[in-house]
Chemist: 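Got a structure here, written out as structure tokens. Questions coming.
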Number of protein chains: 2
Amino acid sequence: MTEPRLRLRLHFGPGSMFGPGRADLLEAIAAHGSISAAGRQMGMSYRRAWTLVEALNAGFSAPLVDSSRGGAAGGGAKLTAEGLAVLAHYRKLEMTLAEAGAAEIAALQQLACAIPTRK
Amino acid sequence: MTEPRLRLRLHFGPGSMFGPGRADLLEAIAAHGSISAAGRQMGMSYRRAWTLVEALNAGFSAPLVDSSRGGAAGGGAKLTAEGLAVLAHYRKLEMTLAEAGAAEIAALQQLACAIPTRK
């Protein structure tokens, strides 16, 4: 059995949330330079990817994704300085917490079902 | 604005997960001695609460909730030793991680939207 996966979600207030799916989407946008290509990689519809980007841009004090290069030509997208900062802080938080919580996570893993197919 | 809320979800493998909702449900069962009363407190249907308890009991190497006192009389429920252990480890993990991640969480909070009503 693989290590348990720790998923962190931060709720900053109404309408402002950040978690693993949004972090992955930002990373994919940075990698592909395109919201639609990022969405495709993550198996989500174009519309869903855009809705998430809009939520991300509205939920922080500055937009996280710059899609101003879009338009008639199809365009592209990139992370803003704020987007890069949010992503970096979140990834660092994940690492810090996986380390700090290692003992408790191992204890919970011991109690969890060892055989995935168990009913 | 209140502190950002950190929500942790652990995925141990297929069908075995533990997160804030399940922790709250276990706590409510311990407090009320009843699955249905716990569900009511959490605003979930009787059926939903039972389904979650069944998933919890199947997802760990031993049941977390003992509802054997149920039956014709309506009965009650309590946490098993394993249920108490899982809940205690999870709550300790939450505290440990909130402390260990304080700097990164504060940095993310700074970047998050300060005005919840902002569009």
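Here the structure is a predicted model, which means the values were calculated and not measured. For the numbers below, each heavy atom of this structure counts, side chains included, while hydrogens, waters and symmetry mates do not. Order of the sequence lines fixes the chain letters, A, B, ..., with proteins taken first and strands second; residue numbering starts at 1 for each chain.
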Chemist: Who in residues 18-28 of chain B is close to chain A, using a strict under-4.5 Å heavy-atom cut-off?
Modeler: none
Chemist: Is there side-chain contact between B/His11 and A/Leu6, with heavy atoms separated by less than 4.5 Å?
Modeler: no
Chemist: For A/Ala98, is it the side chain, the backbone, both, or neither that has a heavy atom closer than 4.5 Å to a heavy atom of chain B?
Modeler: neither
Chemist: Search all heavy atoms of A/Gln110 against all heavy atoms of B/Ser61 and return the closest pair with its distance.
Modeler: O-OG, 4.2 Å
Chemist: How long is the span from the CG atom in B/Leu8 to the CZ atom in A/Arg9, to the nearest 0.5 Å?
Modeler: 11.5 Å
Chemist: Can you tell me if B/Ser16 uses its side chain to pair, donor with acceptor, with the backbone of A/Ala112 under 3.5 Å?
Modeler: no
Chemist: Using only non-hydrogen atoms and a strict under-4.5 angstrom cutoff, which residues of residues 99-106 of chain A touch chain B?
Modeler: A/Ala100, A/Gly101, A/Glu104, A/Ile105
Chemist: Please identify each residue that fulfils salt bridge (charged side-chain N to carboxylate O under 4.0 Å, His left out) with A/Arg40, with sequence neighbours left out.
Modeler: none
Chemist: Using the salt bridge (charged side-chain N to carboxylate O under 4.0 Å, His left out) rule, collect all pairs that involve residues 51-63 of chain A, keeping only residues at least two apart or in two chains.
Modeler: none
Chemist: Please rank A/Met17, A/Arg7, A/Glu82 by heavy-atom pairs under 4.5 Å with chain B and give me the top one.
Modeler: A/Arg7
Chemist: If you define the side chain from C-beta out and look only at heavy atoms, does anything of B/Leu97 sit under 4.5 Å from A/Leu93?
Modeler: no
Chemist: Over all heavy atoms of both residues, which pair between B/Phe60 and A/Leu111 is shortest? Give the atoms and the distance, please.
Modeler: CD2-O, 3.2 Å
Chemist: Within the supplied structure, the quantity of interest is the number of heavy atoms (other residues, nucleotides, ligands) at a distance under 6.0 Å from A/Arg48 CZ; does it exceed 12?
Modeler: no
